[in-house]
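Notes follow once the structure below has been shown.
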Amino acid sequence: MRRLIRWFALGATATLAACGGGADLGAPSVHDTSGARGSLVYNPPLRITYMDAAEFTARMQGSVSGKSLLQVAGAPRCGVQFHYIEYGTVGGAAEPTTASGALMLPTGTDPACAGPRPIVLYAHGTTTEKAYNIADITDPARPGASEGSLIAAMYAAQGFVVVAPNYAGYDSSPLPYHPYLNAEQQSSDMVDALTAARKALKDLGTTDSGKLFITGYSQGGHVAMATHRALQSAGQTVTASAPMSGPYALGTFGDAVYYGNVNLGATLFTPLLSTSYQKAYGNIYSKTTDLYEAAYAEGIDTLLPARTGMAELFSQGKLPQTALFSSTPPIPSMAAITPPTAPAEQAPLFALGFGANHLVSNAARLAYLQDAMANPDGVVPAVTTGAPAAAPGHPLRQAFRKNDMRNWTPQRPMLLCGGRADPTVFYSLNTQVMQGFWSAPSPAAAAAGRVSVLDVDSAPGANDPFAPVKMGFASAKAAMAAAGGANAVVQSYHGTLVPPFCNAAARAYFQQVLASGA
Amino acid sequence: MKNMHSLVCAAVLLAPCGAAMAQQYFVRVGGAHISPNSTATDAVGPMVPPPPSGIGMKVQSASTLFVSVARAINDNLEVEFAGGYPPTHASTADLAPHLPAHVLAYQGLTLAKVRQIAPTVFLNYKFGAPTDRWRPSVGIGINYTNFDKRTSTVAGNALNGGPTHISMSDSWGLAAQVGLSYRIDERWTIHGGLTTARVKTRLTATTAGVARTMDIRFRPAVFTLTAGYAF
C-alpha cells in the first residue's frame with residue numbers, strides 16, 4: 001500500500017517535470033540588450049492601440065480640442081497603429097542609455113495610406129514631466145497624449161509613418177536628466193530612434209518609401225534643425241525639414257534674456273539648460289549657488305524632468321513662476337534693463353521676469369552680461385554681423401554658442417514656421433535671425449528658394465499658399481482673445497495657438513515637396 | 001486523545017498512523033468538471049486606458065481526469081489527497097462596453113490558455129457507518145494552485161500589443177467539499193462530489209518589456225464523479 005502511494009506521488013512529480021511548463025509567448029520576440037545606438041530593444045515593439053480612420057474621427061469629435069484639431073488637420077484618411085519603441089542611444093556626455101518613443105503607422109486601403117510610406121521624424125516641445133510619453137494617447141490627461149494626438153492626426157492619419165522620440169531622460173529612459181537643447185545629443189537621439197524604428201517596420205508590414213521629413217516644435221524645432229544638420233553632414237537622406245518655433249540662435253536668444261528680455265517659461269528653461277550643459281561640459285557651475293539664489297539652489301540640478309506637474313513645482317516653492325532675475329539691478333548702470341521698458345508692447349512681458357523671489361542670482365547675471373558686453377553676439381544688443389559671438393568667455397555663453405544653429409546651411413528644402421508675437425521663443429531672435437543668416441549677402445546663404453519662412457501671425461499675401469493656415473490662426477487667436485482677453489492669447493500663444501497651424505503648414509510643405517519629386 | 005491522534009495523522013498526511021485502528025486506503029479515479037467562476041480586476045499598467053480600464057478576463061471551464069488517494073483515520077474520518085491530470089483552461093476577454101470598437105472586437109475571444117496543477121488535501125468526515133449503502137461526506141482542506149503553463153494566443157497578443165509573456169502567482173487557500181458515495185460492495189464505491197476552494201492569483205502580462213497586471217479570484221465549483229476502490 002505504501003508503495004502505491006509512493007508511485008502516485010512519484011507520478012505527480014514526473015507529470016510536473018515532463019509536461020514542459022512555463023510561459024509561451026505565442027509568437028517570436030527579440031530582446032536586444034546590446035544597448036548599441038539605434039538598437040531596437042524589443043522587436044516587435046509594443047502596440048499600444050489602433051484606430052481606424054472612422055474611429056479616430058469619432059474620437060476627435062468627442063472633445064472641444066479634438067474638434068478644433070480635426071478642423072485644422074482634416075478628416076483622417078488612414079487608420080493609425082500606435083507603437084511604443086525603446087531604443088539604445090546616448091546621454092549628454094556620450095554615456096550609453098536607452099530612450100523610448102512613438103512609432104505611428106498609417107493603415108487602410110486608401111492609396112494615401114498603403115504601399116511604401118514617407119517618414120516624419122518629429123521632435124517634441126519642452127516638457128518638465130518625466131512621465132511624458134508621446135506614444136500613449138489612451139488617456140488624454142497623460143503627459144504627451146495631446147502632442148501625440150496632434151501629430152497622429154496631422155501626419156499618421158494622412159499617410160506618413162511618424163517616429164517621435166520621448167528623448168533620453170523621459171518616460172522609461174534610465175538617464176537621470178535630460179540633455180536639453182544639446183544639439184549633438186538630441187540629434188543623435190533622433191537618429192537613433194529613427195534607426196530603431198526602421199528595424200521595427202519590416203515585421204510590422206510597413207515599407208519605408210525612403211523619403212524622410214524632419215519636424216518638431218519649440219525645443220523640438222531646435223532638435224529638428226540639429227537633426228537635419230547631423231544627417232546632412234553624415235551624408236544621409238533628408239527629403240525636407242520644417243523646424244517650428246525653435247530657439248535656433250541660442251547665443252542671441254540667451255543674451256537677450258540676460259539683457260532683460262525674459263521670455264515666458266524662463267524659470268523652467270533655465271534649470272533644464274543649465275543641468276543639461278553642466279552634464280555635458282561640466283563647467284557651468286562648481287556649485288548650484290554659483291548660478292541660482294540659495295532658496296532654489298539645493299536640488300535644482302536634479303529637479304527636472306520631474307515626477308510632479310509644473311503647478312506643484314511652483315506651489316511647493318521649488319521654482320518661481322516667472323521671476324528669473326532680481327528687480328534690483330546687479331550694478332546701477334543696469335537699471336535700464338532691470339527690467340527693460342522698451343519695446344513698449346513687450347515691457348509687461350519682460351516685467352514678469354523680475355521679482356523678489358527670483359531664480360538666478362544677480363552675481364550670475366552680472367558675470368554673464370559682462371562677458372556679453374566684452375564679447376558681443378552679432379544680433380544682441382545691437383545687430384552687427386548677425387553671427388554668434390566669436391569667442392565668448394562665460395561657460396553658459398560658450399554652451400549656447402556650441403548649440404547655436406548659425407554654423408551650417410541646409411542643402412534640402414526647409415520651412416521655418418512660427419508666430420511673430422511668440423512670448424516664449426522670440427520669433428525675431430530665432431526664426432528671423434536664421435532667415436537672415438541663410439539669405440544673401442550672408443556667407444552662409446542658402447540656394448534660392450531652399451529656405452522658406454512662414455509667420456502664421458501675418459496677413460495672407462496674393463497667391464499665398466499658406467493663406468488658409470494664416471486665416472485659421474487669425475480666427476483661433478481672435479476666438480481666444482474673445483474668450484479670455486489679451487492675456488489668454490499671450491499664455492496660449494506658443495503652446496496652444498501656433499502648433500496646429502505650423503504643423504498643418506509643415507505637412508502641406510512636405511506634401512508639396514513629395515509632389516514636386518524634388 | 002484519539003482526536004489528537006487523528007489530527008497528527010492528518011498533519012502527516014498519508015504517513016501510517018497507529019496500528020490500532022482500521023487501516024484502509026481508497027483510490028478514486030474519475031472525471032472532474034471545473035467551473036472556475038473567476039472574477040478579475042481590470043488590467044492596470046503602463047499604456048492601458050486609465051482605471052477602470054475595463055479590460056478583464058474570464059477563465060473558462062475545463063474537464064479532466066481526477067485521481068485521489070484517501071486514508072481512513074477511523075470509521076468516519078479520512079485524509080484525502082486530491083489531484084489529477086492538470087487541466088488547461090481558456091481565458092477569454094471580458095471587456096467593458098465603453099471600450100472602443102476595435103477593442104470590443106476581442107470580446108469573448110480566448111486570450112490565453114492556462115494549465116493549472118491544484119493538489120488539495122482534505123480532512124473528510126463521512127456520515128454513517130462503513131457498511132451503509134449511501135454515505136454523505138463533508139471535508140475541509142488546503143488547496144495549492146500552480147499555473148504551470150501559460151500560453152498567449154494570437155488574439156491575446158493582438159490585444160496586448162505583441163508577443164506576451166504571462167506569469168501567474170501561486171495560490172494557497174482553504175478548500176471545502178461535500179460528497180455522496182454509493183457502496184457497491186466491500187471494495188467498490190461510486191462517489192460524487194462538489195469541491196470549492198479559495199484561489200487567487202496575480203496575472204502579469206509582459207509585452208515588449210511592458211508589464212500589466214490583474215488580480216484574478218476563483219470560487220471554483222469542481223464536480224467529480226469517481227469510482228472508488230478500497231484496499
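Every chain is numbered from 1, with letters handed out A, B, ... down the list of sequences.
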Non-hydrogen atoms of chain A under 4.5 Å away: do they reach the side chain of B:Val154, the backbone, both or neither? neither

Between CG of B:Leu99 and OG of B:Ser53, what distance do you get to the nearest 0.5 Å? 7.5 Å

State whether B:Phe26 and B:Lys126 meet the cation-pi test: NZ (Lys) or CZ (Arg) under 6.0 Å from the six-membered ring centroid, and within 45° of the perpendicular axis. yes

Spell out the residues in residues 147-163 of chain A that have some non-hydrogen atom less than 4.5 Å away from a non-hydrogen atom of chain B, in order of number; otherwise answer 'none'. none

Interface moiety of B:Val114 toward chain A, non-hydrogen atoms closer than 4.5 Å: neither

Between A:Asn43 and chain B, with a heavy-atom cut-off of 4.5 Å, which part of the residue counts as in contact: side chain, backbone, both or neither? neither

Please determine, among A:Ala58, A:Ala27, A:Ala23, A:Pro45, the option with the most heavy-atom pairs under 4.5 Å with chain B. A:Ala23

Side chain, backbone, both or neither of A:Phe82 within contact of chain B (heavy atoms, under 4.5 Å): neither

Should A:Arg307 and A:Glu129 count as an ion pair when the cut-off is N to O under 4.0 Å? no

Atom NZ of B:Lys200 with >12 non-hydrogen neighbours under 6.0 angstrom: no

Sort A:Arg59 into side chain, backbone, both or neither according to what part of it lies under 4.5 angstrom from a heavy atom of chain B. neither

Whether the B:Asn124 and B:Gln177 side chains hold a donor-acceptor pair (N or O, under 3.5 Å, no angle test) is what I'd like checked. yes

Within the side chain of B:Arg115, is there an N or O that forms a donor-acceptor pair under 3.5 Å with the backbone of B:Lys113? no

Under 4.5 Å to a heavy atom of chain A? For B:Thr207 that would be both

When the 4.5 angstrom heavy-atom criterion is applied to A:Glu86 and chain B, the contacting part is side chain

Passing option when A:Asp208 is tested against A:Arg117, A:Arg198, A:Lys199, A:Lys202 for salt bridge (charged side-chain N to carboxylate O under 4.0 Å, His left out): A:Arg198

Answer yes or no: is there a donor N or O on one side and an acceptor on the other, between the side chain of B:Ser38 and the main chain of B:Val59, under 3.5 Å? yes

If every non-hydrogen atom of B:Pro220 is compared with every non-hydrogen atom of B:Ala197, which pair is closest and at what distance? CD-O, 3.2 Å

Give me the atom names and distance for the closest heavy-atom approach of B:Leu104 to B:Ala96. CD2-O, 3.4 Å

